[in-house]
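Just so it is clear, the model here is predicted, and its values are computed rather than measured. Each chain gets a letter, A, B and so on, in the order the sequences are listed, and its residues count up from 1.
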Amino acid sequence: MRNKENMEQLFSLIKEKQGPSFSMDEEAIRQAYQKNTEEQSIALKILAICGAIFGNLTFIGFLYVAGFYDSPMALSIVGAMSIVGSLLISKFSKKITYDALSISSYLIGLIVIAAALIQLEASENIIASLILLISIGTLLLVENYVHVFFAVLTLIGALLFLFVSNFLYEYTVYIITLLGLLTSYVFLNEGKIITRSKWMNIRYKPIRIALVIAFLNCLNYLTNYTPSELSLVNHWLNAVALVAVIAWVVYRIMENLALSNKVHKIGIYAFMTLFILPTTYSLGITGSLLIILLSYQVNYRTSFVLGIIYFIGFLIYFYYNLQITLIVKSMLLIIPGILALGVYIFTQKLLSDEKI
Amino acid sequence: MKKINSDDIHIVSRHSNLNADTAEQLFQTQVYRNKEDWKMFCKRALLTLGVSLTLAGIIFFFAYNWAELHKFVKLGLIEALIIGTTLCSFSKKINPLSRQFVLTAAAVLVGIFFAVYGQIYQTGANAYDFFLAWTLFITLWVILANFPPLWLIYILLINLTFYFYAEQVAVDWSSEVIINSLFIINTIFLICSLLANKILENSQQVAVIFPNWFTTVLLLSAVSFSTIAAEYIIFSNESNYPIVTLTLIAILYASGLYYGFKKRNSSYLTLIPLSIIILINSFFIREMDDEIGLLITSAFSIFAVIIVVKSLLGIQKTWKNEE
């Protein structure tokens, strides 16, 4: 946590950039730092999540054994009460201590409401739509990090489910590309978004990580649909769109770094296009490269590590892709590999001592 | 001044009239990667991707032709890689970290060699023989490299060797003996790594060799097996050594909590209470397997975690004040 001297230095740096019009609530900032230190402990977050999972499992077991599953009405009431209770706890207690209770109630509520609707033989569309609405409501009303995180994940999950259950799975690839575009926008416009309103500021970080996880997992889902099952037109249209998103991200990064040399810029775009194109056969590889670029630019380690893990996973999964032969896969890997090595050797001197 | 991070900008922005341009400037200059970072990234990424994609492509190429390759070519290829990587590790041009990575790659290739050997000659050897041979043959490299990730691979191989020995050779051993043995093996590894750190710390000859993450993984492994061992006692009527096992677990947990408190390591103060909560839950479920029992268990899980989190926060605050 920052001490008083550090904070004074931080404020004067900001005043230097913004000018005398800058004003702040110092006491609120001090309290926010105090809370932030508590929330930073990953061990405590894991403990809270484990508590939520145990609580969930045993409570659902209780509902089953007590016969609640025979009564959709009882299940609906329990589910609604759990969700409302969770939102109230989150609203009135900002302490990480009660996160386990709050998250547990929220997840129990969602599962139980879905179970109640299944008992009532409601259609999949209605169940998914209700979960979608609950997620939107949670996102609007709650500030708790983990709640917002789960809300975004369930929102995207419900949306995709609606597409898949209505046999529009071919078009899910468009949603995934839009998700990639949205994630890129969120990463590259952090300053604009967090200063827009306090509402956005508080929700920015959980939304960002939820988008990354949703995007990577949607790509994972997509890799189960090989081009012959997914229409080739849809696959390649989205491959082109994803390459365009990466090109836009590279453009923004070069703009931020104030790169002026046109030859270098053209070289970077040419290399990027030639390198990325063979990977578009597996959109998972292309998408995870996008996340790696974004995360590195904004210095966000968690998402950078996730990007690398998924990249390696998609590469391994590519081995088991039955639609193309090993010899073609071999070429699709060797070409960008040799290209990267060639560029490395060619630009050794440039990357070592020349100023860009 | 402490370097500005993104949390600082988020917190200040929330409680001030910080405008978008200033926020962007602060992110660009204080948080985001600069040209030097990107140069370093490009250098490493081009080399890593270049080598790994080319290697992967070559592996896929050989996989395509694998069935047609002569057995000597198959074994020769892997042997050449083992020899190549080992010789590479002797080179004075590479830095110590790269040397350790290269020796790790060589150690993994030894396992691949034995796997291919077994596949070609259909020796009838079981998994226990495979893991035992792999473990024994890389022992010297593990000691010489002194690289925590390689030590972790080695410990994993020892666990697997023991497990397959119990499953395929010592078939008369009960599940309880196997689980308890794995618990003891992993606890011994944990204690040895902590002792090694303490001895080297005191002798001041060399920096600590087993980093925090390494001992945390060993702790997780020891606590996982101790939890499984205790679960076996709770749910099985055939336990032969309940008192001995529970006593050992109690000693491990008490020592772990004391050590965690003394060394200000939250991992011990999180994992051990979590294990205890799981065990108490299991006890409740065994004793009260009706709906009331499940409700009590559910409530206990949540409130126990609340109490532990509250206590941990208090302890962390005390540590911070003492600093």
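- The candidate from L295(B), T48(B), T297(B) with the greatest count of non-hydrogen atom pairs under 4.5 Å with chain A is L295(B).
- Judged purely by atom type and a 3.5 angstrom limit, T54(B) has no side-chain atom pairing as donor or acceptor with the backbone of I334(A).
- Both the backbone and the side chain of S23(A) have a heavy atom closer than 4.5 Å to some heavy atom of chain B.
- Across every non-hydrogen atom of L315(A) and F60(B), the tightest pair is O-CZ, 4.4 Å.
- Between the CD1 atom of I302(B) and the CZ atom of F54(A) there is a distance of 11.5 Å, given to the nearest 0.5 Å.
- K205(A) and S6(B) form a side-chain donor-acceptor contact under 3.5 Å, judged by distance and modelled atom types alone.
- Rounding to the nearest 0.5 Å gives a distance of 7.5 Å between CG of N256(A) and CD of E24(B).
- D25(A) contributes no side-chain N or O that, together with a main-chain N or O of H15(B), makes up a donor-acceptor pair within less than 3.5 Å.
- With a 4.5 Å cut-off on side-chain heavy atoms, I296(B) and F62(A) do not count as touching.
- A distance of 7.0 Å separates SG in C42(B) from CD1 in I268(A), rounded to the nearest 0.5 Å.
- Chain A forms the most heavy-atom pairs under 4.5 Å with one residue out of I285(B), D21(B), I278(B), L55(B), and that residue is I278(B).
- Distance check: K39(B) NZ to L257(A) CG gives 11.0 Å after rounding to the nearest 0.5 Å.
- If you measure heavy-atom distances from L188(A) to chain B, the contacts under 4.5 Å come from the backbone alone.
- Within the 4.5 angstrom heavy-atom criterion, atoms from both the backbone and the side chain of N19(B) approach chain A.
- For a residue to count as touching a neighbouring chain, one of its non-hydrogen atoms must lie under 4.5 Å from one of that chain's; by this rule I292(A) touches chain B with the side chain only.
- When all heavy atoms of M24(A) and S16(B) are compared, the pair lying nearest together is CB-CB, 3.4 Å.
- Looking at every heavy atom in both residues, S301(B) comes nearest to T58(A) through OG-OG1, 4.3 Å.
- With hydrogens and angles disregarded, a donor-acceptor distance shorter than 3.5 Å links the side chain of S330(A) to the backbone of G57(B).
- With a 4.5 Å cut-off on non-hydrogen atoms, T29(B) touches chain A through its side chain but not through its backbone.
- No other option in Q297(A), M200(A), M331(A) has as many heavy-atom pairs under 4.5 Å with chain B as Q297(A).
- Environment of CZ in R286(B): crowded, with over 12 heavy atoms of neighbouring residues, nucleotides or ligands closer than 6.0 Å.
- At distances below 3.5 Å, at least one donor-acceptor pair connects side-chain atoms of N201(A) with backbone N or O atoms of H10(B).
- Within the 4.5 Å cutoff, side-chain heavy atoms of Q30(B) are placed close to those of L13(A).
- Interface remark: of the candidates L312(B), I9(B), V308(B), L47(B), L47(B) forms the most heavy-atom pairs closer than 4.5 Å to chain A.
- Contact of S267(B) with chain A is not made at all, since no heavy-atom distance falls under 4.5 Å.
- Residue F271(A) comes nearest to L46(B) through the heavy atom pair CZ-CD2, 3.4 Å, listed as atom of the first residue, atom of the second, then distance.
- Of all the listed residues (L332(A), I253(A), L57(A)), the one sharing the greatest number of non-hydrogen pairs under 4.5 Å with chain B is I253(A).
- Within the 4.5 angstrom heavy-atom criterion, only side-chain atoms of F27(B), from C-beta onward, approach chain A.
- Neither the backbone nor the side chain of I335(A) comes within contact range of chain B; no heavy atom of the residue lies under 4.5 Å from a heavy atom of that chain.
- The choice from Y300(A), F275(A), F311(A) that makes the most heavy-atom pairs within less than 4.5 Å of chain B is F275(A).
- Distance CG/L333(A) to CG/L49(B): 11.0 Å, rounded to 0.5 Å.
- No side-chain donor-acceptor contact under 3.5 Å links Q18(A) to the backbone of T22(B).
- Checking side-chain atoms of R33(B) against main-chain N and O of Y296(A) turns up a donor-acceptor pair under 3.5 Å.
- Closest approach of K192(A) to A20(B), counting heavy atoms only: CA-CB, 4.1 Å.
- Both the backbone and the side chain of D37(B) have a heavy atom closer than 4.5 Å to some heavy atom of chain A.
- Within a 6.0 Å sphere centred on OH of Y258(B), heavy atoms belonging to other residues, nucleotides or ligands number 12 at most.
- Interatomic distance, L53(B) CG to L341(A) CG, rounded to the nearest 0.5 Å: 9.0 Å.
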Show, in sequence, the C-alpha distance, side-chain angles and deciding distance for E190(A) and V31(B), and conclude whether the side-chain contact (heavy atoms from CB on, under 4.5 Å) test is met.
CA-CA 11 Å; E190(A) 189 172 0; V31(B) 181; over 6 Å; no
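- Counting heavy atoms of neighbouring residues, nucleotides and ligands inside a 6.0 Å radius, atom CZ of F101(B) does not exceed 12 of them.
- The 12-atom threshold is not exceeded at CZ of F61(B), counting heavy atoms of other residues, nucleotides or ligands nearer than 6.0 Å.
- Under a 3.5 Å cut-off, the side chain of N17(B) and the backbone N or O of S21(A) do form a donor-acceptor pair.
- Of all heavy-atom pairs between L274(B) and C50(A), the closest is CD1-CB, 3.8 Å.
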